[in-house]
Amino acid sequence: MTDTEAPRRGTSRVSRLARRRGVTTGLLLTPPMLWLGVAYLGALAALLVTSLWTQDDFTGQIQRTWTLQNFRDLFTIDVYRTITVRTLSIAALVTVIDAILAFPIALYMAKVASPRVQRLLVIAVLMPLWASYLVKAYAWRGMFSEGGLISWLAAPFGLNTPGYGLVATTIVLAYLWLPFMILPVFAGLQRLPDSLLEASADLGAHSWTTLRRVVLPMAFPALVAGSIFTFSLSMGDYIAVRIVGGTGQLIGTVVYSNIGAANNLPFAAAVATVPVAVMLLYLAVVRRTGALENL
Amino acid sequence: MKKISSRRLTVLAGVALLALVSGCGTSSGGGSSTSSKGFTAPDLPMKKSIGAMEGQVNILAWPGYAEDGSNDPKVDWVTPFEKDTGCQANVKYFNTSDEAVKLMQTGQYDVVSASGDASLRLIASGDAAPVNTALLKNYGDIESFLKNRDWNSVDGQMYGVPHGWGANLLAYNTKVVKPAPTSWGAVFGDASKYDGKVTAYDSPIYIADAALYLMKHQPDLGIKNPYALDQDQLQAAVDLLKEQRKSVSEYWSDYLTEVQAFTTGDSVIGTAWQYNALTAAAEGAPIKTVFPEETATGWSDTWMINPNSPHSNCGYAWMDYITSPQAQAQVAEYFGEAPANTKACALTSDKTFCDQYHAQDKAYSDKIWYWTTPISQCLDGRTDVRCTDYGDWTTAWTEIKG
Amino acid sequence: MSLSRGLRAALLAITVLVLVVVYTPLALVVLNSFNVDRTFAWPPKDFTTHWWDAAIHSTGARSALWTSVEVALAATAVALVLGTLAGLALRKTRFFGRNVVSLVILLPIALPGIVTGIALSNAFTTVLGVELSLFTIIIAHATFCIVTVFNNVQARLQRLGGNMEQASMDLGAGPLTTFRLVTFPMLRSALLAGALLSFGLSFDEIVVTTFTASPRDQTLPLWIFQNLFRPNQGPVVNVVAAVLVLFSVIPIYLAQRLSGSTAEGLTGAR
């Protein structure tokens, strides 16, 4: 009813609609916000609180006395700084490698391949996601081993396998998260109208120039969107590094060993605030690029 | 408040117990292990007789100790138990001793396979009851050198049934490592000889291996028990391990990682369980193990029962069953350790199994420094210093790995 | 096409090369499932079907598979409801805190799994006093799956605008009828894309699962994790992985059939 009368009573309709929409929005938002806003954020807050407590080493019970000792340890003991820097460097490197590899593939899929080939390529990119993460990491362990596939292939060139360590960790992480970069970039490039490329060519731009001046800037938000996945997934990893990391350890390893072996939740919680802070900062920065609409 | 103070009492009691009971470690030193004057163990009733089975039992076990055939139909000793007794076995696995203690303290589990670094904590906190060994048919067949030890008894009263044990050996690749090593020095002082090919166990408890080496080679540090290290002694062990790290290819924490590394040649020397070495050898790896002259660390596990268990009859039935020759033979071969009940030796599929694992060799067992959780009260009886606890060891381990 | 022949050839070459690298470890997994060596020695000395036989008889693997399917379906169902609600709520409306809402929805997947894992585990066990179970795994999985549905719904609504629904309302249909007859059909393929991604995420998740599962609940990744490190089970795990890769064609194929366009159906491309 209101709607049919609308043209005559413009202003009041707008305000009433707005109010009604406000109510609807509120109703619709209540369940997801209860789940995420209250339960999930509440859990994160509880974790933060826990990091300010301490633990009794003998009984393993948490003692609820307020202390900043965990954070003092975290910032004053050198090894944690080294590990943080190392973890962030690896996460950044993995992200860059994935972006460099994903861009040409996504571009080929979106703008060159025929619809049939495109369909096959999407399947080809998605299939590895279904093979277990662990099994893939273990397959790489075999490849990196002495006399494994990599040294076997590299031997004729006088090279050898990098062995287990940070190089292997970076490669494996980049491998594991590559599809998470390809998919958003592909989706982003698909939205790029062909006419834009043609216009650029018509204006005399070389394809390399088109790529650099038109495609890349347009695809940038999608690349950033993908980077959220690759960066965050790499930063929290503790399993791949255990399988191919040799002696190396990352933030995830420290959190895990403090929970698993030492049963020290307060300190683990304190360590876990590092990736949370980094990720929040990262999200705040990339929000400006419009990447969050590209996930 | 009341809860906390009673807990604190328990802690104090436990600390006192540990200080007294573990006064002399577990090594060849002999000496007193039960002088418990001034200490009162939680006064818990002992079971008098076996009644009717309750129909189920909740088991807390190390992975591999209670297999029910779901992973491999041929690996199943839980189902026969269920058929025999009518007790349905609900098995829950834990991965560390700390987790075992935490779970056992919830009171939801009837029996637990506790290692030496968990068993005393459970006794002290009143989560493990004295065991009436007269009710267990198979108890008599258990090797006597495993009975009435520091980690499973108080004042001659058993708090559990010994299950199995093993040592952390020095494994090496016979093609690369020549001459055959006889000392842990091969992975500490001389680690650089096998640069990038050394392997070590990935756990803070491995610090004890370094401490054991220092105990024999740097007597001036005054280490008497590798699990009782003051700040300086810990620092010395940490320095040694940091030096070792330069030559380490990787730290292993599971069977497959190490077996694979020895088979491919990524690792040529390092600490290993007998089982890993035998598996790698079966894959054709040129691998041998040695019990070095400094002796070695190891583990010894005990089945314990919850004093408030609502399924105590089924719990006793399980403890009896799992220490029967048949079950022991299966577990020992599957997990790769020496069975506590050596009647199992006649039933293993590989008849040389018990010899390989020194199951009947008391002298060998006595040489092992069994895993014990380091706590701030020095386990070697010193009272003038504060020892480093497991939390310190964890931090140190993170630093060692860098 | 406005990209030069040379550039196109280069793109093709890179694509092929990367795909070869992507598939090499997978091929190795399949090969190793036939490798007689229990620790996957390279090159294989001999081949056997023993592991496939063992895998077929592994009740542990089978029940873990069903647990995973159950968890993934339940988590996806929750994610579909909550994600759609959030997507509908945020359409067109510009209210204060809109960005905060999107951020909150994004957070569970943007934060490393280990953080989400220990936060939820701590909340369940110490704050709420709930015992870990299948139910807690589902809650945890749904938490990070909501975003996949939400993103797809929101993007679809943005692209299609509200004209159709406006028309429906103008013709006298109520909000529910409009949703049933107009909005939902419009969203169907986007929902499918979101659901598929959500299912996949949940199915292969291990980190959050490790912390929110009681050791008695075994999802497939947990089963794999436990068995990969047992010498006699490693090759069996390879068999399971090989089977998973082969079977992954099914959901992908279904999505293609149901959504009309694979690319759109699977990536939520818009």
Side-chain angles (χ1 to χ4, degrees), chain A residues 54-65 69-70 73-74 77-80 82-83 86 138 141-149 151 160-161 163-166 168-169 241-251 253-268 271, chain B residues 4 7-8 10-12 14-15 18 95-99 101-102 105 121 124-125 196-200 202-205 244-254 256-257 260-261 263-268 373-377 388-402:
Chain A
T54 175
Q55 177 229 25
D56 184 302
D57 288 312
F58 188 71
T59 55
Q61 299 288 336
I62 291 169
Q63 290 179 333
R64 303 187 175 185
T65 42
Q69 191 55 43
N70 290 325
D73 286 349
L74 189 59
I77 300 178
D78 280 346
V79 70
Y80 297 117
T82 319
I83 292 173
R86 177 191 303 145
Y138 239 92
R141 182 179 163 83
M143 288 164 64
F144 277 118
S145 75
E146 191 98 341
L149 191 63
S151 68
N160 201 354
T161 163
Y164 306 135
L166 297 179
T169 310
V241 70
R242 170 175 159 187
I243 297 173
V244 295
T247 58
Q249 50 183 351
L250 302 178
I251 291 180
T253 327
V254 177
V255 176
Y256 188 74
S257 67
N258 270 292
I259 285 201
N263 198 11
N264 189 346
L265 182 63
F267 188 69
V271 179
Chain B
I4 291 176
R7 173 153 287 135
R8 190 146 296 152
T10 327
V11 173
L12 287 173
V15 167
L18 282 168
N95 293 308
T96 66
S97 289
D98 292 294
E99 199 183 337
V101 172
K102 196 165 85 178
Q105 285 174 344
R121 287 199 266 172
S125 61
K197 301 274 184 192
V198 175
T199 189
D202 189 4
S203 162
I205 209 78
Q244 181 200 38
R245 183 189 177 277
K246 294 177 189 154
S247 309
V248 170
S249 62
E250 70 176 345
Y251 293 101
W252 65 273
S253 55
D254 53 76
L256 187 56
T257 315
Q260 218 179 30
T263 312
T264 55
D266 287 303
S267 300
V268 299
T373 301
I375 54 168
S376 48
Q377 273 68 26
T388 51
D389 61 25
Y390 198 67
D392 297 327
W393 284 36
T394 308
T395 312
W397 186 243
T398 307
E399 272 181 65
I400 290 162
K401 287 174 73 186

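Just so it is clear, the model here is predicted, and its values are computed rather than measured. Hydrogens, waters and symmetry mates are skipped; everything else that's a heavy atom, side chains included, is used. We name chains A, B, ... by the order of the sequence lines, and we start the count at 1 in each one.
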Which region of [X], side chain (C-beta onward) or backbone (N, CA, C, O), has a non-hydrogen atom less than 4.5 Å from a non-hydrogen atom of chain A, or is it both or neither?
| X | value |
| --- | --- |
| B:Ala200 | neither |
| B:Lys246 | neither |
| B:Thr199 | neither |

Given side chains that start at C-beta, do those of B:Thr394 and B:Pro204 come closer than 4.5 Å, heavy atoms only? yes
Taking the side chain as every heavy atom from C-beta outward, state whether A:Tyr164 and A:Val241 have any atom pair closer than 4.5 Å. no
side-chain contact (heavy atoms from CB on, under 4.5 Å) against B:Thr398, all qualifying residues, sequence neighbours excluded: A:Val79, A:Tyr80, A:Ile83, A:Gln249, A:Val254
So for A:Ser145, is it side chain, backbone, both, or neither that comes closer than 4.5 Å to the heavy atoms of chain B?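 Both backbone and side chain.
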Has the side chain of A:Arg141 got a donor or acceptor atom that lies under 3.5 Å from a matching backbone atom of A:Val244?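 The answer is no, because no donor-acceptor pair under 3.5 Å joins these two groups.
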